[in-house]
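In what follows, a structure is listed as structure tokens, so that the remarks can point back to it.
Sequence lines set the chain letters: A, B, ... in the order given, protein chains first and strands last, and positions in each chain run from 1. Reckoned from all heavy atoms, side chains included, excluding hydrogens, waters and symmetry mates.
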Number of protein chains: 2
Amino acid sequence: MPQRAATAQPLKRAEKKEVTRQQLIAATVDSIAASGFAETTLHKVSARANVSRSLVNFHFESKEQLLVATLRHLTEEYRTFWMKAISRPGLSAAGKLNAIVDADFHPQVCNRKKIAVWYAFWGESKSRPTYMEVCARADSEFARTMEELTAAVVGDGGYAVSPAVAAKGLRCMIDGLWLELLLAPATFEREAAKRTCRTYLASLFPRHFDMPAAAAPAAVPEAQAAAGGER
Amino acid sequence: MPQRAATAQPLKRAEKKEVTRQQLIAATVDSIAASGFAETTLHKVSARANVSRSLVNFHFESKEQLLVATLRHLTEEYRTFWMKAISRPGLSAAGKLNAIVDADFHPQVCNRKKIAVWYAFWGESKSRPTYMEVCARADSEFARTMEELTAAVVGDGGYAVSPAVAAKGLRCMIDGLWLELLLAPATFEREAAKRTCRTYLASLFPRHFDMPAAAAPAAVPEAQAAAGGER
DNA sequence: ATTTTGATTGAACGGTCGTTCGACGTGTCG
DNA sequence: CGACACGTCGAACGACCGTTCAATCAAAAT
């Protein structure tokens with residue numbers, strides 16, 4: 001049951017090219033997560049993608065451009081994910097903040113492999129301004145959106161806190177919780193991370209968020225048993 | 001005016017060796033910050049330290065061990081810094097939490113160069129378990145200390161929040177704020193970062209922390225004009 | 001004063017990296 | 001159907017990496 005069942009098998013040339021391109025980017029993500037930034041070579045990437053080594057320089061002019069494309073892919077995936085999460089109709093500002101928290105710890109964007117790649121790029125960003133620019137551009141959009149949401153909540157509830165400060169606190173807390181998944185995967189719990197964020201929101205905006213109950217002792221029947229054992 | 005004016009010039013052999021060792025570690029920090037993890041080579045490190053290339057393999061068995069020693073140096077410096085900050089006598093638990101916030105954004109540990117190095121190591125930690133272990137060991141001590149402090153505050157004030165959750169939130173927020181210095185140095189403000197943390201603390205523990213006033217418009221005569229323009 | 005120890009050097013080696021280039025084969029289109 | 005365009009491959013190249021090693025020279029020990 002191939003996906004293109006209707007139009008018959010043959011991949012058009014342009015399509016196949018794009019598929020290979022995406023394979024290379026996916027292989028780069030895998031390689032950075034598995035071998036780190038320093039030891040990610042075009043040899044390893046092309047081997048993972050099952051293509052010849054020289055193909056990388058054909059699709060991307062250089063290794064550096066492959067890395068930039070990979071970072072762009074990552075930011076774009078993240079962007080569409082949280083945007084979709086808050087686009088559900090009938091969601092209040094508080095509901096959207098809750099949706100962002102859920103999205104940010106969803107296994108699709110928050111798993112050790114992708115977090116490792118994020119941190120690898122961040123670690124290189126000081127020496128490669130291009131990365132910094134790509135990240136900053138994505139972050140600023142996320143920050144602006146979140147500030148609009150906190151501003152709506154503050155306005156609605158008459159809270160004294162600055163919306164910008166509240167939003168920044170939540171954003172930073174999320175980034176830090178990601179780091180916990182990276183450095184202490186054994187103790188990281190998705191639900192606990194969300195609870196940490198919601199505790200923050202409930203203490204800032206008590207009339208819009210409920211203070212989470214104490215930890216349910218790991219008996220939560222969460223659909224967390226994802227594929228592959230890696231979280 | 002040499003430092004060792006009293007005991008005359010001559011460095012003992014063991015002393016000189018240790019000095020060189022520290023120079024190499026400092027050069028490694030500089031190189032990772034300037035060139036990133038991937039492009040940090042022994043050639044660049046030895047050039048920065050003004051020693052021959054082969055000296056690195058004399059003091060450290062391999063490049064990898066130099067990097068581990070650098071990470072250990074970083075964790076140790078950070079550890080002594082926050083420990084000293086909370087050891088001032090007569091400090092309440094809340095006062096110690098405040099002191100930790102101050103310490104974590106002090107230019108000595110929180111500047112772009114060192115943050116870049118932290119993130120570089122974190123980015124490689126998934127592929128090099130040694131880094132993960134070193135970081136995890138340091139983090140767990142910091143986490144335990146902070147949990148003791150939040151537990152004391154919670155006990156004293158009869159708050160409902162879990163001390164562990166409160167501590168984790170603060171730790172993660174700090175890490176995330178560091179990232180902001182790394183990725184958006186132009187908009188990062190030390191005092192604003194502290195204010196973000198204190199807003200969190202004041203909303204969780206209103207009877208122990210004052211909600212910070214709105215931003216003083218950058219007119220704070222902070223002794224922030226450090227050397228070199230880099231923050 | 002002489003020997004010994006050990007920090008430091010410069011040259012050299014093997015290996016691997018990113019990139020280039022010509023050849024091949026298959027969709028694409030006149 | 002035939003000529004071309006283009007995605008893919010394998011081999012090759014030069015550069016640079018981390019490491020090794022014999023030689024050096026000054027501090028320490030005898």
Side-chain angles (χ1 to χ4, degrees), chain A residues 2 4 7-28 30-32 34-71 120 124 127-128 130-131, chain B residues 4 7-28 31-32 34-71 120 124 127-128 130-131:
Chain A
R4 297 172 41 88
T7 61
Q9 312 295 74
L11 275 281
K12 298 240 197 281
R13 205 130 83 172
E15 289 174 327
K16 177 124 174 78
K17 182 177 183 180
E18 184 57 25
V19 167
T20 305
R21 211 185 123 94
Q22 293 302 322
Q23 278 175 354
L24 282 171
I25 289 179
T28 305
D30 290 349
S31 177
I32 293 178
S35 307
F37 214 94
E39 294 188 344
T40 284
T41 72
L42 294 189
H43 177 70
K44 290 182 183 174
V45 170
S46 56
R48 268 178 198 274
N50 280 112
V51 297
S52 97
R53 214 169 323 164
S54 51
L55 202 58
V56 176
N57 289 87
F58 175 79
H59 284 277
F60 308 88
E61 264 190 35
S62 65
K63 180 188 184 185
E64 180 59 22
Q65 294 204 30
L66 166 66
L67 293 172
V68 171
T70 302
L71 177 57
E124 295 285 303
S127 57
R128 311 201 196 184
T130 306
Y131 302 170
Chain B
R4 295 172 44 88
T7 60
Q9 311 298 75
L11 276 279
K12 299 238 197 281
R13 204 128 83 171
E15 290 175 325
K16 178 118 172 80
K17 180 177 183 181
E18 184 57 25
V19 167
T20 306
R21 210 186 123 95
Q22 293 302 321
Q23 279 176 354
L24 281 170
I25 288 179
T28 305
S31 177
I32 293 178
S35 307
F37 214 94
E39 292 187 346
T40 284
T41 72
L42 295 190
H43 176 71
K44 290 183 183 174
V45 170
S46 56
R48 269 178 198 273
N50 279 112
V51 298
S52 95
R53 212 169 325 163
S54 49
L55 201 56
V56 177
N57 290 89
F58 175 78
H59 283 277
F60 308 88
E61 266 190 34
S62 65
K63 180 188 184 184
E64 179 59 22
Q65 294 203 28
L66 166 66
L67 293 171
V68 172
T70 302
L71 178 56
E124 295 285 304
S127 56
R128 311 201 197 185
T130 306
Y131 301 170

Problem set entry | Expected output: side-chain B/Glu124 to main-chain A/Phe37 donor-acceptor under 3.5 Å | yes
For this session: Can you tell me the distance, in whole Å, between the CZ atom of A/Phe60 and the C1' atom of C/dT20?
Result: 18 Å
Problem set entry | Residue B/Arg13, side-chain heavy atoms: nucleotide from C/dT26, D/dG10, C/dA7 that is nearest | C/dA7
Exercise. In whole angstroms, how far is the P atom of C/dG6 from the NZ atom of B/Lys12?
Worked result: 17 Å
Exercise. Regarding A/Thr40 and A/Ser31, is there a side-chain donor-to-acceptor distance under 3.5 Å anywhere?
Worked result: yes
Exercise. Where the side chain of B/Lys17 meets the backbone of B/His59, is there a donor-acceptor pair that is under 3.5 Å apart?
Worked result: no
Seminar exercise, completed: Rounded to whole Å, the CD-C1' distance (B/Glu18 to C/dG6) equals 16 Å
For this session: Assign A/Val56 to base, sugar-phosphate, or nothing according to its heavy-atom contacts below 4.0 angstrom with the strands shown.
Result: nothing
For this session: Taking only the side-chain heavy atoms of A/Phe58 (C-beta and beyond), determine which of D/dG10, D/dG7, C/dG6 contains the nearest atom.
Result: D/dG7
Exercise. In whole Å, what is the span from the CD atom of A/Glu39 to the C1' atom of D/dC17?
Worked result: 12 Å
For this session: State the CD-CG distance between A/Gln23 and A/Leu55, to the nearest 0.5 angstrom.
Result: 10.0 Å
Exercise. Out of curiosity, A/Leu71 CG to A/Thr130 OG1, how far, rounded to the nearest 0.5 Å?
Worked result: 9.5 Å
For this session: Give a yes or no answer on whether the side chain of A/Glu15 reaches the backbone of A/Lys12 with a donor-acceptor pair at less than 3.5 Å.
Result: yes
For this session: Can you sort out the partners of A/Tyr131 under ring-ring contact (aromatic ring centres under 6.0 Å, His included), two or more places apart, ordered by chain and number?
Result: A/Phe121
Problem set entry | Nucleotide C/dA7, atom P - distance to CD of B/Glu15 in whole Å | 14 Å
Exercise. Tell me: CG of B/Asn50 to P of C/dT9, nearest whole Å?
Worked result: 9 Å
Seminar exercise, completed: Scoring nucleotides 18-23 of chain D by protein non-hydrogen atoms under 4.0 Å (B base, S sugar-phosphate only, - none) yields SBBB--
Seminar exercise, completed: A/Leu55 CG to D/dT8 P, in whole Å, measures 5 Å
For this session: Measure from the side chain of B/His59, starting at C-beta and using heavy atoms only, and say which of C/dT8, D/dA26, D/dC9 lies closest.
Result: C/dT8
